[in-house]
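Down below is the structure, laid out as structure tokens.
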Amino acid sequence: MRQLSFTMSEPGLALSSALPVTADHAVSGSLTEMIVGESSAIQPMQLLPLLAQCNAQQRWLMWLSPQRTLNKQWLESLGLGKSPVIHLDLCADTQLALCTKVLAAANSHLIIEWQGELTREERLQLRQQAQRSGSHVVLIQRLP
């Protein structure tokens, strides 16, 4: 398990080089949206095994959320003890830029705990980037 926390301005931080997408090698990603209440029994971390099932390409599983942490026991209890999982802290000011950078790398599937309002344009941009990169994205919005 590897947990990272960084800001968008850190120099030299490269997630990976993007995979080329050509007409001969079309990939297909998806955007799935969930709306959960603050007191919901469903926790985003519990969705990691769902992404692992989509992981035929052996991509990283990334969880983008504010101020949450993963630990090895949680991952093992979910059957992900040996899976490449990364958690990145997410803040409302840089979340679209971070998601764009991660999706452009085309090397992971994502769970995004979106902060604040999601505009129609942002949703469309995330969907298109997921499809282009072949990434499966679960976008979670919390309601009070």
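Just the heavy atoms: all of them, side chains too, but no hydrogens, waters or symmetry mates, feed the values below. None of the values given here were measured: they were computed from a predicted structure.
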Working note: Ile111 + Met62, criterion side chain to side chain contact (heavy atoms under 4.5 Å, CB included); need CA distance, chi angles, decisive distance, verdict.
CA-CA 6 Å; Ile111 293 174; Met62 297 191 80; over 6 Å; no
Transitive ILVMFWY cluster of Ile35, excluding itself - 4.5 Å side-chain cut-off:
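Once heavy-atom contacts under 4.5 Å are chained together, Ile35 belongs with Leu143.
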Are the side chain of His109 and the backbone of Ser135 linked by a donor-acceptor contact shorter than 3.5 Å?
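Side chain of His109 to backbone of Ser135, a donor-acceptor pair under 3.5 Å: no, none is there.
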Does any part of the side chain of [Y], heavy atoms only, come nearer than 4.5 Å to the side chain of [X], both counted from C-beta?
X      : Y      : answer
Leu103 : Leu110 : yes
Pro84  : Leu61  : no
Pro66  : Gln115 : yes
Val138 : Met34  : yes
Ile112 : Val137 : yes
Trp63  : Leu90  : no
Gln95  : Leu64  : no

Check side chain to side chain donor-acceptor pair (under 3.5 Å) between [X] and all other residues, then give those that pass, not counting sequence neighbours.
X      : answer
Glu122 : Thr119
Arg127 : none
Glu33  : Arg123
Ser40  : none

Under the criterion side-chain hydrogen bond (donor to acceptor under 3.5 Å, both in side chains), I'd like the reasoning laid out for His87 against Ser65: C-alpha separation, chi angles, the key distance, then a yes or no.
CA-CA 7 Å; His87 172 261; Ser65 69; 2.7 Å; yes
Apply side chain to side chain contact (heavy atoms under 4.5 Å, CB included) to residues His136 and Thr32 and explain how you reach the verdict.
CA-CA 8 Å; His136 296 291; Thr32 301; over 6 Å; no
Where do Leu96 and Trp114 land on the side chain to side chain contact (heavy atoms under 4.5 Å, CB included) test, with the steps shown first?
CA-CA 9 Å; Leu96 184 61; Trp114 195 262; 4.1 Å; yes
Only pairs at least two apart or in different chains count here, so list each salt bridge (Lys or Arg N to Asp or Glu O under 4.0 Å) that has a residue in residues 110-119.
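Residue pairs with at least one partner in residues 110-119: Arg68-Glu113, Glu113-Arg142.
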